[in-house]
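Everything numeric in this text was worked out from a predicted model, so none of it was measured.
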Amino acid sequence: IVIDATAQDNPGEYFDTYGIVSAIDYAIGQGANVINMSLGGPGYDMVMDESVETAYESGVTVVVAAGNEGTDERVTPSDHNEVISVCNTTKRDVQFTTSYGDGGSNYGQPKDISAPGTDILSTVPGGYEEYTGTSMASPVVAAVAAMVYAVNPDLTPAQVKNILCGTARDVNRAGYDYYTGYGIVNALDAVTAAMAADTGILDVGDDVAAMLAFVKCHGIILLHDADQ
C-alpha cells in the first residue's frame with residue numbers, strides 16, 4: 001500500500017511529524033510488514049523515534065533513507081537503532097559522494113546497508129525522470145525486505161535486518177565499513193538465507209554464493225548496533 005504522509009495543507013510537498021506518525025500508525029493497523037521512509041532530517045525527534053519503535057515492536061521492518069548531506073552527523077529517523085538505514089551507491093558500486101554532484105550520501109556508525117540510488121528512473125506526473133539520492137536507494141532495500149517476508153513471513157524485524165546485512169555484497173572491505181555499512185543489498189542471497197532460516201539447514205550443493213550467504217546469516221555476522 002502507498003500512504004500519503006505529506007502535510008494536508010501542502011500535499012505532495014512537505015512532511016511534518018504528525019503526518020508521518022499518522023502514516024506509520026495506519027500502516028501498522030493495515031498489517032504492513034515493511035515501511036519505507038524516503039525522508040528525514042537532522043537532529044533528534046522523540047515523537048518520530050517513538051513511532052518507529054512502535055512499528056518495530058509491532059513486527060514491522062522500517063527501512064529509512066540515510067540522507068543526502070554528505071555527513072556523518074545524526075539524522076532522524078535514519079539513525080534510530082531499530083530501522084535499516086540505507087546509503088546511496090553509484091553504478092560503479094561506490095558511495096555517492098559530493099564529487100559526483102550535490103548532496104553526497106550520508107554515512108557513519110548508524111548506517112546499515114547500501115543500494116543503488118544514482119540516476120534512478122522514477123515516475124512523475126506525466127512521465128518519468130531520473131533522480132539521485134538515498135530516497136531512491138531506500139525503496140530497493142525495502143523491496144528486498146518484502147521478498148524476504150514473502151518466503152518466510154514469521155521472521156522478526158531484527159532477523160530481517162540480520163539477513164539483509166549478513167548477505168550484503170561487500171564494497172570497501174569485508175564486513176562493516178563506515179561509508180557503505182555492510183555493503184550493497186543482495187536480493188538473491190537474502191531470499192536464499194530467509195528460506196533456510198526456519199530449519200537452519202540449507203542444501204547448497206556447489207552453490208558457493210548461497211553457502212556464504214547461509215553462513216553469514218547464521219551467526220558469523222555481528223551487527224555494529226549493540227542493541228540488535
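Between the Ser122 side chain and the Tyr131 main chain, no donor and acceptor come within less than 3.5 Å of each other. In this structure a side-chain-to-backbone donor-acceptor pair under 3.5 Å is present from Thr71 to Glu73. A donor-acceptor contact shorter than 3.5 Å links the side chain of Asn152 to the backbone of Ala194. A donor-acceptor contact shorter than 3.5 Å is absent between the side chain of Glu50 and the backbone of Val47. Judged by distance alone, with hydrogens and angles left aside, the side-chain atoms of Asn68 form no donor-acceptor pair with the main-chain N or O of Ser105 at under 3.5 Å.
For Val151 against Pro153, the heavy-atom pair with the smallest separation is C-CD, 3.9 Å. Ser85 approaches Pro110 most closely through the heavy-atom pair CB-O, 3.8 Å. Of all the heavy atoms in Thr167 and Ala193, the pair that sits closest is CG2-CB, 3.9 Å. The heavy-atom pair separating Leu164 from Val141 by the smallest distance is CD1-CG1, 3.9 Å. For the residue pair Ala55 and Val62, the shortest heavy atom distance occurs at CB-CG2, 3.9 Å. Taking every heavy atom of both residues into account, Asp112 and Val83 meet most closely at OD2-O, 3.2 Å.
Inspection of the Ser38 and Asn36 side chains reveals an N or O donor paired with an N or O acceptor under 3.5 Å. For Thr180 and Tyr107, the side-chain atoms include no donor-acceptor pair closer than 3.5 Å. Side chain to side chain, Asn88 and Thr134 fail the donor-acceptor criterion of an N or O pair below 3.5 Å.
We find the CD1-CG distance between Ile184 and Asn186 to be 9.5 Å, quoted to the nearest 0.5 Å. Taken to the nearest 0.5 Å, the CD1 atom of Ile163 stands 11.5 Å off from the CE atom of Met195. A distance of 4.5 Å separates OH in Tyr44 from CG in Asp49, rounded to the nearest 0.5 Å. Note that CD of Gln109 and CZ of Arg74 are 13.0 Å apart. Values are rounded to the nearest 0.5 Å. Here the OG-OH distance, from Ser51 to Tyr56, works out to 15.5 Å after rounding to the nearest 0.5 Å. The line from OH of Tyr179 to OG of Ser114 is 13.0 Å long, rounded to the nearest 0.5 Å.
A continuous path of hydrophobic side-chain contacts links Met37 to Val60 [ILVMFWY only; heavy atoms under 4.5 Å]. Put simply, Ile35 and Leu39 are part of the same group of oily side chains (I, L, V, M, F, W, Y) that touch within less than 4.5 Å, one to the next. At a threshold of 4.5 Å between side-chain heavy atoms, the hydrophobic network of Ile, Leu, Val, Met, Phe, Trp and Tyr places Val160 and Val140 in one connected group. Follow the hydrophobic side-chain contacts under 4.5 Å out from Ile24 and you never reach Met46; the two are in separate clusters. Residue Ile28 is not grouped with residue Val21 when hydrophobic side chains (ILVMFWY) are merged at heavy-atom distances under 4.5 angstrom, including chains of intermediate members.
The number of heavy atoms from other shown groups lying within 6.0 Å of OH (Tyr18) does not exceed 12.
Between Leu121 and Tyr128 the shortest side-chain heavy-atom distance falls below 4.5 Å. Inter-residue side-chain proximity for Met48 and Ile20 is flagged as met; some heavy-atom pair is nearer than 4.5 Å.
Residue Ser78 is tested with Ile84, Val86, Val52, Val64 for a side-chain contact (heavy atoms from CB on, under 4.5 Å); the sole match is Val64.
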For a side-chain hydrogen bond (donor to acceptor under 3.5 Å, both in side chains) check, start with the C-alpha distance between Thr61 and Tyr149, then their side-chain angles and the critical distance, and finish with the verdict.
CA-CA 10 Å; Thr61 292; Tyr149 275 119; 2.8 Å; yes
Run the numbers on Asp72 and Lys111 for salt bridge (charged side-chain N to carboxylate O under 4.0 Å, His left out), then give the verdict.
CA-CA 9 Å; Asp72 60 356; Lys111 311 305 187 282; over 6 Å; no
